[in-house]
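Step one of this worksheet: look at the structure below.
Just so it is clear, the values below take in all heavy atoms, side chains as well, and ignore hydrogens, waters and symmetry mates.
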Amino acid sequence: MTKNYWNEFEYNKLKLLLNPKKVENIFAVLNRKKNFDELPPISVELQLTDLCNLNCSWCTDKLFRSRASSTSLHDIQHLFEYFQKNNVGVTIEGGGEPSIHQDFEKIVKFGSQLGISMGLISNGVINYSHLMHFFKWVRISLDASNYEEYFLEKGKNCFDTVLKNLETFSGNRDPESTQLGIGYVLTKRNLSNLHSFAEKMNNLMIDYAYLRPVEESSDLLPELSVLFDLKKWTIDFNKNNRMQILLNINERMIKSNDNLPCVAHSLSCIIQANGDVVLCEKRRNDPIIFGNISEKSFEEIWNSEQRINHTQKLLDPENQRNCNVCRITSFNRCFCDINNIHTKQFI
C-alpha cells in the first residue's frame, strides 16, 4: 500500500489520541480542576545555536544573531536523559542553523543512542547525509525555486549546493524510517516558478513540501487571492503525485489565538540556544520564560511555581493579544470546542 505522507499533517490533532493522560490533564486545567499540567511536553523544539550561515531577509530570529549563543553539549546531554525517560520527541532547529553547532554530530548520535525520536529543521547548506538515518524526519528550508530567488530570499549563493545536498539526503536515507521534506516561505518574489519546482522535488523523491506565507514582513506577503489560487493547485498536485504539498491558509489568518485561552501550550515548548525554556516565539511583546537549563533541570523548570503562574495567566484570552499565526491555536480550538459539546455521551 502506498504510504500517505499527507496523514502526518492531516491527522496532527488526532495524535492527541495517542496521549490520553496528557489530554485528560489539559481538560482538567481548562475546567479549573488543576492548576497546571505537570506531565512533560509531547515534544520540544531545541535550538542549538543563534548563529547562521545564511541571511534570510524575512528571518524572525535575526535578533538572536547578536546574542550569538550556543547550547552546551553538557546541558543537552542532561536534557536528553530526561527526554528519554519521558518519551519526549525533539525537533532540532534554529535560532540559527543547527548543523553549524560545533557538537552537532555528537548531539545527534547521543540522542540516537538514547532512543530519542528526533526531527531536524535545517537550511541544508552543510552535507550531513551520513546522519540522515538518525532522524524520523528532516525538513530543509529552501524557500526558493531557482538561483535568483534564493539569493533574494536567503542572501547568499547556495542554491546549487542545497539542491545537490538534497539529492544526497534523499539517496542516503531509508524512506520508510526517515521522511524528507521541503520548507518554503511564500513571498511575492518566489511564486512564479513554484509549479515546475514542485515537479523537480517530486522527481527527487521528496516526501512533502510545507508552504507557508511569510510572517512579520507584510510588504512581501502575497495577496490572499494568489494564496487561494495556489491552494487549489496544491489539491490537484496532491491527487497526482507522490510528494504531498501542505498549505493551510486559514490557520495563517487567525489573530490573537482566536480569542481563546492558551490551554494547549503544555503540548510543546522551545529551548533557546541561551538555555531559556520559553512558551513560544509569537509573544514578541510579552515573552514568557519558564527558566534556564543552565541554572535548573528541565524537570524543575517544568514543575516550577513560575510555570504554574504562567499557566493561570494563559487561561485568560486577553493575555493572548497579538499571539498571531501560532500552530498551538488549532489545538486550543480543538480542546475548547470539544469541551463545549453538549451531547458528549452520544456518537
Side-chain angles (χ1 to χ4, degrees), residues 13 16 19 21-47 50 60-61 63-64 67 69 71 75 78-79 82-83 86-91 93 95 215-216 251 254-339:
K13 287 184 283 296
L16 293 172
N19 298 273
K21 291 183 179 179
K22 191 73 171 174
V23 171
E24 182 181 355
N25 260 15
I26 292 175
F27 274 124
V29 174
L30 180 59
N31 292 303
R32 308 280 180 165
K33 295 179 180 178
K34 295 186 72 169
N35 287 330
F36 80 121
D37 167 26
E38 78 282 0
L39 292 177
I42 294 174
S43 62
V44 300
E45 299 171 28
L46 178 60
Q47 300 180 350
D50 292 330
T60 56
D61 290 333
L63 291 176
F64 293 160
R67 193 170 67 180
S69 299
T71 315
D75 285 342
H78 280 291
L79 275 176
Y82 173 79
F83 294 155
N86 292 280
N87 197 30
V88 177
V90 178
T91 298
E93 59 165 27
E215 298 174 27
E216 301 181 24
E251 260 186 30
I254 296 174
K255 306 296 183 183
S256 296
N257 190 43
D258 211 12
N259 300 310
L260 298 169
C262 189
V263 70
H265 74 269
S266 64
L267 294 173
S268 185
C269 70
I270 298 171
I271 303 173
Q272 294 182 340
N274 69 345
D276 283 344
V277 180
V278 303
L279 173 71
C280 69
E281 290 186 343
K282 303 300 179 185
R283 303 181 67 91
R284 306 291 185 189
N285 300 321
D286 179 27
I288 289 182
I289 302 174
F290 298 133
N292 190 287
I293 59 170
S294 296
E295 300 167 0
K296 294 181 179 179
S297 70
F298 184 88
E299 184 173 15
E300 289 176 299
I301 292 169
W302 197 247
N303 292 286
S304 66
E305 192 70 29
Q306 188 171 359
R307 185 170 162 265
I308 295 172
N309 292 337
H310 281 308
T311 295
Q312 294 303 303
K313 172 182 177 179
L314 291 167
L315 289 175
D316 182 356
E318 288 298 316
N319 286 315
Q320 274 68 257
R321 296 298 165 202
N322 299 316
C323 285
N324 301 329
V325 197
C326 178
R327 67 189 183 89
I328 296 298
T329 293
S330 63
F331 289 97
N332 288 326
R333 170 55 66 196
C334 181
F335 279 105
C336 291
D337 284 352
I338 291 174
N339 198 54

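Other residues, nucleotides and ligands contribute more than 12 heavy atoms inside 6.0 Å of the CG atom of Asn309. The environment of Glu38 atom CD is dense: over 12 non-hydrogen atoms of other residues, nucleotides or ligands sit within 6.0 angstrom.
Between Ile293 and Leu79, the shortest heavy-atom distance links the atoms CD1-CD1, 3.6 Å. In this structure, Glu45 and Ser268 approach most closely via the heavy-atom pair OE2-OG, 4.2 Å. Closest of all the heavy-atom pairs between Ile254 and Thr329 is CG2-CG2, 3.9 Å. Closest heavy-atom contact between Arg283 and Cys323: NH1-SG, 3.5 Å. Between Val278 and Cys269 the shortest heavy-atom distance is O-CB, 3.6 Å. Contact record, Thr311 with Asn35: CG2-O, 3.4 Å, taken as the closest heavy-atom pair.
Rounding to the nearest 0.5 angstrom, the gap separating the CD1 atom in Ile270 from the CD atom in Glu93 is 6.5 Å. Considering CG of Asp50 and CZ of Arg67, their distance stands at 4.5 Å, rounded to 0.5 Å. Atom NE2 of residue His265 and atom SG of residue Cys280 lie 10.0 Å apart, to the nearest 0.5 angstrom. From His310, atom NE2 reaches atom SG of Cys262 across 12.5 Å, with rounding to the nearest 0.5 Å.
Looking at heavy atoms from C-beta onward, Gln47 lies out of side-chain contact with Thr71 at the 4.5 angstrom threshold. Between Arg333 and Leu260 there is a side-chain heavy-atom pair separated by less than 4.5 Å. Using a 4.5 Å cut-off on side-chain heavy atoms (C-beta onward), Val263 and Asn339 make no contact. Leu39 has its side chain out of reach of Ser266: every pair of non-hydrogen atoms, C-beta onward, lies at least 4.5 Å apart. A heavy-atom distance below 4.5 Å is found between the side chains of Ile26 and Leu267. Side-chain contact between Gln320 and Cys326 is absent, with no heavy atoms from C-beta onward closer than 4.5 Å. Between Asp286 and Asn322 the shortest side-chain heavy-atom distance does not fall below 4.5 Å. A heavy-atom distance below 4.5 Å is not found between the side chains of Ile289 and Gln272.
Side chains of Asp258 and Asn332: a donor-acceptor N/O pair is absent below 3.5 angstrom, by distance only. Side-chain contact annotation: Asp75 with Ser294, donor-acceptor N/O pair under 3.5 Å present.
Checked by atom type and distance alone, the side chain of Asp276 never pairs as donor or acceptor with a backbone atom of Asn292 at under 3.5 Å. Asp37 places no side-chain N or O within donor-acceptor distance of the main-chain N or O of Asn25, the cut-off being under 3.5 Å. In this structure, Asn257 contributes its side chain and Pro317 its backbone to no donor-acceptor pair below 3.5 Å. In this structure, Ser43 contributes its side chain and Val90 its backbone to no donor-acceptor pair below 3.5 Å.
Every residue meeting the ring pair (Phe, Tyr, Trp, His ring centres under 6.0 Å) condition with Phe335, not counting sequence neighbours, appears here in chain and number order: Phe27. Every residue two or more places apart in sequence or in another chain that forms a ring pair (Phe, Tyr, Trp, His ring centres under 6.0 Å) with Phe83 is listed here: Phe298.
Residue pairs meeting the salt bridge (charged side-chain N to carboxylate O under 4.0 Å, His left out) criterion with at least one partner in residues 291-308, sequence neighbours excluded, do not occur; the list is empty.
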Exercise for the section: Test Lys313 against Glu318 for side-chain contact (heavy atoms from CB on, under 4.5 Å), laying out the working first. Expected result: CA-CA 9 Å; Lys313 172 182 177 179; Glu318 288 298 316; over 6 Å; no

